[in-house]
Every structure is written in C-alpha cells, then in structure tokens.
Amino acid sequence: MDNSLFDDYIQCSRLKKKRRKKRLVKEDFEKHLVQLSKRKHAIYLAIKELPLIALKEPYQKGWVRFFVVRKDVLRSDEAMFYVNVLEKINTFQFSNQKTFTSRKKRFGKKTENPKEQFLAKINVSEWNTNKFELTDKEKSCFTRIEKWSDRCRCFKTYYQFTESWRFVFKIEPNIIKHQKAVDAVLESELRQIENYIQNRDLGYKIYKSGNRDASYYYSLEKLKNNNQINTKNLNTIYEAYLEEKYT
C-alpha cells in the first residue's frame, strides 16, 4: 500500500494514539473514583437512616449532665418563658464518672479537674436564619460576643444567653433504651470501599477529583476575608504604608 494511502487510512480510521489511550485510561479511573466516593456517601446516609430498636433490658452507661431551671425561677411568673428558652439552648454532657472530672497531668502530677459545660452558643449564620426558632423576646436575652479563637486564629462572633445564672446542673444516670439497627451488607460494603481507598492511598486523588468537603470552601472563605485589599479602603492601606515607611 502506498504511504499516502496508508496515511489517509490512519486519519480516516478511529485508531487511538498512545497519548490518547493514556488519557482515556486516566479519565476512566477518575470517573471510577467519583462513583466510588458517591457510593460511599450513599452508604453513610443509608446507615444513618437505619431505625432504632428497643432493647428488652435497658442498661446504664455512665452519667448524663444537663441544665435545668432553678427552683426559685420556676416559682416566678416568667417560669415558662425560661423553660422554653432552655429547651432550645440546653446542652448534654456524658461521663463515666458522676463527678464529671478529668485527670490532667500538671507539674508531673495528675490532678482531677472538673469538666466545663456551657449553654449552646449561636453563631451568626444560625442567628440570622433563626435556626433555634427564637422569638423577639427570647432574642433580647442574648448578647453578641466577639472573641479571639487561638484554634482558628481569627475572631469568632456568636450570641450567648445573658442570664445563665437562672439554670443549674442536674446529673442523672444515662439509661440506654434503644440500639441502632445494624445492616451487615452495608457495613461490609462500606468496609471494602474504605480499605480499597486506604490501601491504595486514593484519598487525595478523590479530593482532587472534585468531591471536596466543607473545610475546603471554609478555607477559601477564610482567605477571602483575611485579604486586606478586599476588606479595607485603599487610602487607609496607603496611609499606613507611608506612616510605616517614614517613621
């Protein structure tokens, strides 16, 4: 066959080049990772939605501590108001010890330190969307607080209940009456997917494929808010630059 005819045959045919074959294999593998991640998420949701099964013999597992309205407040005219507020911002803490203490090593010795517990703090987004379904009168009992967070290295704004002295702690036995139903098929499939991802170190590739979690978008929003050019006036930045340069 003539070379020109052979070249025409190659161009008209659908034979794939070596570079295209590698690209198709890579794209097919990335699609496989995306489907694997979606299936893992679907299994998580299916396991989460499994119903609770009542136990024949309830048992105690440690202790639970929560807030209750003080007795003198219950005798006042605003008793039901504070009871309704507490139902929305109450928190629960569990411990194996009734004293609710933790052992911490300090100066070479282990000491018993009481565990801290506070009422629920409402962040700005929850406050604006009224996630806790607070009334106008209930909102008047909250104070806006802006505090520096060493963990996030930025200022955190939240709303805190002002009159926390109206509530006291109450400790009760933590009685387990229900148990989560177990689906052996879903658990086995989830374990196989997690082992496949972990053994082949595919976590970062799945992250790059587009299934990024909320921390990725939070980091972008954090960088956006920390950009002085977007958050400050240019004249202010220039004046600060001149003051730093000539002083």
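Computed from a prediction, not measured in an experiment: that's the story for all the values here. When a residue number appears, it is its place in the shown sequence, counting from 1.
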Does a side-chain heavy-atom distance below 4.5 Å link Phe118 with Thr91? no
Determine whether Glu87 and Val83 make a side-chain contact, defined as any pair of heavy atoms from C-beta on separated by less than 4.5 Å. yes
I'd like to know if Arg166 and Glu78 make a salt bridge, using a cut-off of under 4.0 Å between side-chain N and carboxylate O. no
Side-chain touch Asp28/Leu24, heavy atoms, less than 4.5 angstrom: no
Which class fits the ring pair Phe167 and Tyr82: parallel under 30°, tilted 30 to 60°, perpendicular over 60°? perpendicular
Pairwise side-chain contact, Leu202 with Phe29, heavy-atom cut-off 4.5 Å (strictly under): yes
Do Gln97 and Trp63 have side chains that get closer than 4.5 Å, going by heavy atoms? no
Please evaluate residues Thr135 and Asn84 with respect to the criterion side chain to side chain contact (heavy atoms under 4.5 Å, CB included), reporting the C-alpha separation (whole Å), side-chain torsions for both, the decisive distance (0.1 Å), and the verdict. CA-CA 10 Å; Thr135 61; Asn84 295 331; over 6 Å; no
Is atom CD of Gln198 surrounded by more than 12 heavy atoms (other residues, nucleotides or ligands) closer than 6.0 Å? no
same_hphob_cluster(Val73, Phe66) at 4.5 Å side-chain heavy-atom cutoff: no
Working for side chain to side chain contact (heavy atoms under 4.5 Å, CB included), residues Val64 and Ile175: CA-CA 9 Å; Val64 57; Ile175 305 299; over 6 Å; no
Answer whether the closest heavy-atom distance between the side chains of Lys139 and Asn130 falls below 4.5 Å. yes
Quick check: are there more than 12 heavy atoms from other residues, nucleotides or ligands sitting under 6.0 Å from CD of Glu116? no
Rounded at 0.5 Å granularity, tell me how far CD in Gln179 sits from CG in Leu52. 9.5 Å
Exceeds 12 heavy-atom contacts within 6.0 angstrom, atom CD of Gln60: yes
Gln160 side chain to Ile145 backbone, donor-acceptor under 3.5 Å: no
Give me each pair satisfying salt bridge (Lys or Arg N to Asp or Glu O under 4.0 Å) with a member in residues 118-127, each pair once, sequence neighbours excluded. Glu126-Lys131
Heavy-atom neighbours of Asn96 CG exceed 12 at 6.0 Å: no
Return the CG to CZ distance between Asn113 and Phe100, rounded to the nearest 0.5 Å. 15.5 Å
How long is the gap from CG on Asn195 to CZ on Arg200, to the nearest 0.5 Å? 9.5 Å
Same cluster or not: Met80 versus Phe161, using hydrophobic residues (I, L, V, M, F, W, Y) connected whenever any side-chain heavy atoms lie under 4.5 Å apart? no
Side chains of Arg153 and Trp148 in contact at under 4.5 Å (non-hydrogen atoms): yes
Is the shortest heavy-atom distance from the side chain of Lys180 to the side chain of Leu50 under 4.5 Å? yes
Hydrophobic cluster membership, with links at side-chain heavy-atom distances under 4.5 Å among I/L/V/M/F/W/Y: are Leu86 and Ile171 in one? no
Under the criterion side chain to side chain contact (heavy atoms under 4.5 Å, CB included), I'd like the reasoning laid out for Arg144 against Thr157: C-alpha separation, chi angles, the key distance, then a yes or no. CA-CA 7 Å; Arg144 181 185 176 96; Thr157 305; 3.4 Å; yes
Once rounded to the nearest 0.5 Å, what's the spacing between atom CG of Leu36 and atom CD1 of Ile206? 5.5 Å
Between Glu112 and Arg103, is a salt bridge (charged side-chain N to carboxylate O under 4.0 Å, His left out) present by the stated rule, with each step listed? CA-CA 5 Å; Glu112 297 284 345; Arg103 294 178 61 86; 3.1 Å; yes
Judged by atom type as modelled, is there a donor-acceptor pair below 3.5 Å linking the side chain of Ser188 to the main-chain atoms of Ala184? no
Please give me the minimum heavy-atom distance between Glu133 and Lys88, naming the atom from each residue. O-NZ, 2.7 Å
Is it true that, when you exclude His41 itself, more than 12 heavy atoms of the residues, nucleotides or ligands shown sit nearer than 6.0 Å to its NE2? no
So which heavy atom on Val182 is nearest to which on Glu187, and how close? CG1-CG, 4.3 Å
What do you reckon, is NZ of Lys115 surrounded by more than 12 foreign heavy atoms closer than 6.0 Å? yes
